[in-house]
Amino acid sequence: MGVEGRERRHHRQPAQAPWCLLRLESRAERFTMDPGLSDAVLKVFVELHRKGMIYKARRLVNWDPKLLTAISDLEVEPREVKGQMWYFDYPLADDPEVKITVGTTRPETMLGDTGIAVHPEDERWKRLIGKMVRLPLVGRLIPVVADAYSDPEKGSGAVKITPAHDFNDFEVGKRHNLPLVNVLTADARITIDGNPDFTTGIPGGVLADELRHLDGLDRFEARKRVVAWFEEHGLLQKIEPNAHAVPHGDRSGVPIEPWLTDQWYVDVRPMAEKAMAAVREGRTRLHPSEREKIFFQWMENIEPWCVSRQLWWGHQIPAWYGPDGTPFVALDEVAAQVEATAHYGAPVKLERDPDVLDTWFSSALWPFSTLGWPQDTPELAKFYPTSTLVTAADILFFWVARMMMMGTEFMGQTPFADVILHGIVRDEKGKKMSKTTGNVIDPLTVIDQYGADAMRFTLAAMASSGRDIKLSMARVEGYRNFATKIWNAARFAEMNGCLRVAGFDPHMVCETLNQWVLGEAARAAREVAAGIEAYRFNDAADAAYRFVWGTFCDWYVELSKPVLQAEGDSAAKDETRATVAFVIDVIASLLHPFMPFMTEELWAVKGEAGPARTGLLCHADWPELTGLENAAAEAEIGFVGERDLGSGLQQVLLVLVGASDGTRAIVGRWEAMIARQARASSIGFAENAPPQSAQIVVRGETIAMPLAGLIDLGAETLRLNKELAKLDGEIGGVERKLANTEFIAKAPEEVIEENRERIAEARARQAKIRDALTRLG
RNA sequence: GGGCGCGUAGCUCAGCGGCAGAGCACUCGCUUCACACGCGAGGGGUCACAGGUUCAAUCCCUGUCGCGCCCA
């Protein structure tokens, strides 16, 4: 974190960190201005300079006229502005009646025009190439040059060239040897009076009054005056509304100016090559992998990085200037003095460069500077390279790419094996949160309302495939309810004496219900682990949620009630109690990554009775649950848990028609439970359905409910007929598929088999429904 | 202008070749002895549009429209 981050955020993050359960080692907190990290910054700067990869150059930079500093390309953000395009007429020097029309969105820059470019093939202007134009208002003579930069399709086809105030014009100017005329001060005011660059081309070197009045004006005020002048002199051809992107400083929010200054640059290309190689060869993997394309696109087109800043805070650049301005880059002034003395042949007075480094320069060193580099520390040996970096996708270039460049350059290997790029949290309308817009959702507010666990779970559940998250409070609330649900389940366990039992072995349980839930728990543990390992946190969170609510609470707890709440003690009851306690421990473990507080508390509370815990849940092992799947238990509980068994009415008789011995046995074991689920008064068996009963078909079993006088038999008939028709449709579709010879020839066997089973099931079901219909009548 | 991505239930989003899913919202019924932040039962989708590939397309390909983001 840079120094400005220190000041603005430092008080806040430690407050948030514990609630978000960032597992931070606070003794290891580092800050880029710490002495150790400053040593690293100096060393890197000096080393890169020695290798010729840091140099000083006079170029156009993105200049922030409010903060009065250069900024890097990445700190510039284009903002769509509804501006205007002004068209000015520039008269030819030797024939003022002939005028060239040029368009501009920044009229005040015309003071620095040193040429006009037209496309070499443009028939309108071709004949004027090589001629001179007298720059209106200023009087300077400037040439018409042929350059393909000018787009004949746009505007008039001729563009004014201001090499000192526009990046494209700078390049055009270089190609045609046009002079650079700077007309702006650091705070973007016009400076022309006594400005030799400006006055050089002016006849007599003396400024007319109308010009002198512009001197010292703010750029926008000057713009108005220049436009007014052109209008007065009949040289304003037209004004068109024009929406275009204007570069703004991302911190200051004001339009930046391309401005000619001396700055320090890092030649990042060699480092970029090394970083790209690391990704290409799989030594660093980006997740999601689609990000790699964007990474390469940027890295392949990378430009020199302007790292000097004219600010009062930051790492001062380790460069000292001799009397003639020669820079000496060294770790300290003494070393610089040695070099200077050697250079001049005698000691000289040195002056240190007042500029500081871009904060991202020191941040780029983070993976090794924090571990003590350039010292050879044990931490460095142990923790570099790191395994995984988790960060927001929007700082891929600012930070991640630069850490990779510096890491490969100075440590010889890429700093991370995996980089997880997640989305950023946006507001509910999908807008990027920003302090200036004022739509920042403070996590502490959400936490106050719904709890840290609910918020953390929400973020995990919504963090799919690196997409941005529109934070949905409804989701947060839903997961708060989930947390409450777990507490209530734990309370149920407590009320029923479900205590942990020493040496409980999930493989030894005898009760079908318990075998079943343990198998489900094992499946859930596998799914959650797989999700986390694949960095698919939403899949992991989902799997945990489904198991806890959908399986454990909705079914297991319900089905265990008859056993737990029966009078007296039994082996089955003991086993079920132990299983409940065991599964709650599993739940705490599975959910701990997503709901650390609640689960830790649950772990502690459940640890009060039974065998002593060895420590905190966060230090406990991931549940190792293998060999617990049990197909027979799954089938049996599947039948018992069938939602469709009942009639939706209270206290009816349930009759299983023509049930097999197996089914009779299952029903025998679960009678109380099934009756309870189905709201049935009792359950019986018969070879034929009683007259006037509603009948349903569930898992191949026909269940009849004598409903004479209870329901509308006509409505029941209608319901059954509707279901028949639905099945007809399904059968028709599948039959057509199976009749297709190509399908039979080309589809995989299991798919064909699946379809055959589907049709068989549908037909069997239809038969039973038809049977039911005749009984009903 | 170039690149990347997204258009799936009213909303927020999963799924990504072989019967369209979740949460929230909605409708109906429940003071069921863990939980109304709950329980049960439902309704709701030509998976943006148009072509193509395939036995089979929400999923793959091409184009169109709409919406984001990144880089010029």
Side-chain angles (χ1 to χ4, degrees), chain A residues 73-74 76-78 151 153-154 167-168 245 247 288 290-298 300-303 393-394 396-397 423-424 426 428-432 450-451 454 457-458 461-496 498 536 538-539 541-543 545-546 549-550 552-554 557-558 560-561 564-565 580 584 643-644 646-650 676-679 729-730 733-734 736-748 750-755 757-759 761-762:
Chain A
D73 296 344
L74 286 177
V76 173
E77 55 175 42
D151 183 353
E153 306 293 317
K154 271 190 193 160
F167 289 100
N168 289 314
E290 297 86 68
R291 292 280 173 186
E292 290 185 0
K293 268 187 246 171
I294 301 169
F295 172 83
F296 282 119
Q297 190 188 316
W298 187 69
E300 277 159 11
N301 297 304
I302 200 159
E303 294 288 330
D394 62 345
L396 175 61
F397 303 137
I424 56 172
R426 293 168 175 275
E428 291 203 58
K429 291 186 200 108
K431 287 197 70 168
K432 194 166 175 171
Y450 297 111
F457 196 96
T458 307
M462 296 186 83
S464 67
S465 57
R467 289 175 60 176
D468 286 353
I469 293 171
K470 268 188 256 182
L471 196 60
S472 156
M473 287 306 154
R475 287 285 283 268
V476 183
E477 188 180 349
Y479 294 126
R480 187 273 318 265
N481 296 351
F482 177 53
T484 309
K485 183 80 177 174
I486 299 165
W487 268 120
N488 283 314
R491 213 173 62 163
F492 167 84
E494 194 189 347
M495 288 167 63
N496 287 280
C498 301
R536 298 179 61 97
N538 59 317
D539 285 353
D542 256 18
Y545 184 97
R546 283 199 315 272
W549 201 317
F552 183 75
C553 291
D554 284 354
V557 166
E558 290 308 315
S560 72
K561 282 176 182 172
L564 292 174
Q565 291 166 0
V580 169
I584 286 179
R643 296 255 142 154
D644 296 335
S647 61
L649 295 168
Q650 302 283 344
R676 183 182 165 139
Q677 285 292 129
R679 311 261 187 279
E730 189 181 330
V734 180
R736 268 193 300 281
K737 204 182 238 185
L738 286 169
N740 184 336
T741 50
E742 289 214 79
F743 172 72
I744 300 297
K746 294 183 180 171
E750 64 265 26
V751 174
I752 298 173
E753 193 46 42
E754 224 174 83
N755 279 281
E757 277 166 23
R758 256 176 83 189
I759 216 163
E761 271 166 34

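By convention in this document, chain letters (A, B, ...) are assigned in the order of the sequence lines, proteins followed by strands, and residues within each chain are numbered from 1. Computed from a prediction, not measured in an experiment: that's the story for all the values here.
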*Roughly how far apart, to the nearest Å, are B/G40 and B/C47 at atom C1'?*
30 Å
*Given the C1' atoms of B/C59 and B/U8, what is the spacing between them in whole Å?*
11 Å
Using atom [atom1] of [X] as one end and atom [atom2] of [N] as the other, report the distance to the nearest whole Å.
X        : N     : atom1 : atom2 : value
A/Lys561 : B/A34 : NZ    : C1'   : 7 Å
A/Phe743 : B/C55 : CZ    : P     : 12 Å
A/Glu477 : B/A36 : CD    : C1'   : 13 Å
A/Glu303 : B/C70 : CD    : P     : 19 Å
A/Arg536 : B/A14 : CZ    : C1'   : 9 Å
A/Tyr450 : B/G23 : OH    : C1'   : 14 Å
A/Phe492 : B/G38 : CZ    : P     : 18 Å
A/Asp539 : B/C13 : CG    : C1'   : 13 Å

*asked:* Which nucleotide wins on minimum distance to the side chain of A/Arg491, given the candidates B/U12, B/C71, B/A34?
replied: B/A34
*Measure from the side chain of A/Val751, starting at C-beta and using heavy atoms only, and say which of B/C37, B/G18, B/C35 lies closest.*
B/G18
_If the cut-off is 4.0 Å, is A/Trp549 near the phosphate of B/C39, judged by side-chain N/O to OP1 or OP2?_
yes
*asked:* Distance check, rounded to the nearest 0.5 Å: A/Phe457 atom CZ versus A/Asp542 atom CG?
replied: 7.0 Å
*A/Arg480 with A/Glu477: basic N within carboxylate O range, under 4.0 Å*: yes
*Would you kindly check whether a donor in the side chain of A/Lys293 faces an acceptor in the base of B/C4, or vice versa, at under 3.5 angstrom?*
no
_Tell me whether the side-chain N or O atoms of A/Arg758 pair up with the base of B/C19 as donor and acceptor below 3.5 Å, since no angle test is needed here._
yes
*Under 30°, 30 to 60°, or over 60°: which ring-plane class applies to A/Phe482 and A/Trp549, parallel, tilted or perpendicular?*
parallel
